[in-house]
Amino acid sequence: CSSAVLYLGHAARDPAAQAAAPLEAELRRAGVDFETETYSGGRGFAAPDRPDYDPELAARHWAKLTDLFERALKYRSRQAGEELHVGVSG
């Protein structure tokens with residue numbers, strides 16, 4: 001039994017985004033806990049050094065990832081009986 005959660009952030013203008021639908025179908029079939037989102041930008045929308053960088057999309061993407069990490073780490077912390085604080089600077 002796994003407690004993993006996946007977050008898949010796809011760029012709409014990335015050729016690899018075509019693989020998103022079949023991947024999501026397989027994840028559902030396998031009973032995997034996941035969330036997916038397609039961002040309107042191109043590949044590299046969340047990386048400041050890429051031509052398709054979009055600060056608004058990047059902020060939304062990083063907020064989703066930070067939330068996922070925080071939830072996952074809090075879950076693991078509760079499992080271990082520890083207190084864990086997660087923060088992102090910047």
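Keep in mind that this is a model prediction, so the values were computed, not measured.
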*Take R43 and R50, measure what side chain to side chain contact (heavy atoms under 4.5 Å, CB included) needs, and give me the verdict at the end.*
CA-CA 8 Å; R43 184 177 191 158; R50 298 288 305 228; 4.3 Å; yes
*asked:* Restricting to non-hydrogen atoms, name the atom on A46 and the atom on W62 that form the minimum distance, rounded to 0.1 Å.
replied: O-NE1, 3.3 Å
*Intermediate values then yes/no, side chain to side chain contact (heavy atoms under 4.5 Å, CB included), H61 and E37*: CA-CA 9 Å; H61 176 69; E37 185 168 4; over 6 Å; no
*Mind checking whether Y39 and Y7 have parallel, tilted or perpendicular rings, split at 30° and 60°?*
perpendicular
*Measure the CZ-CG distance between R60 and D54 for me, rounded to the nearest 0.5 Å.*
9.0 Å
What side-chain donor-acceptor pairs closer than 3.5 Å can you find for residues 16-31, not counting sequence neighbours?
unit_1: E24; atom_1: OE2; unit_2: T36; atom_2: OG1; d: 2.9
unit_1: E26; atom_1: OE1; unit_2: R29; atom_2: NE; d: 3.1
unit_1: E26; atom_1: OE1; unit_2: R29; atom_2: NH2; d: 2.8
unit_1: R28; atom_1: NH1; unit_2: E24; atom_2: O; d: 3.4

*Are the side chains of E35 and L6 in touch, meaning some heavy atoms are under 4.5 Å apart?*
no
*Which atom names give the shortest non-hydrogen contact between L57 and G41, and what distance separates them?*
CD1-N, 3.4 Å
*How long is the span from the OG atom in S40 to the CD atom in E56, to the nearest 0.5 Å?*
8.5 Å
*Out of curiosity, does V32 fall in the hydrophobic cluster containing L8 (side-chain heavy atoms, cut-off under 4.5 Å, transitive links)?*
yes
*Rounded distance (nearest 0.5 Å) linking atom CZ of F69 with atom NZ of K64*: 14.0 Å
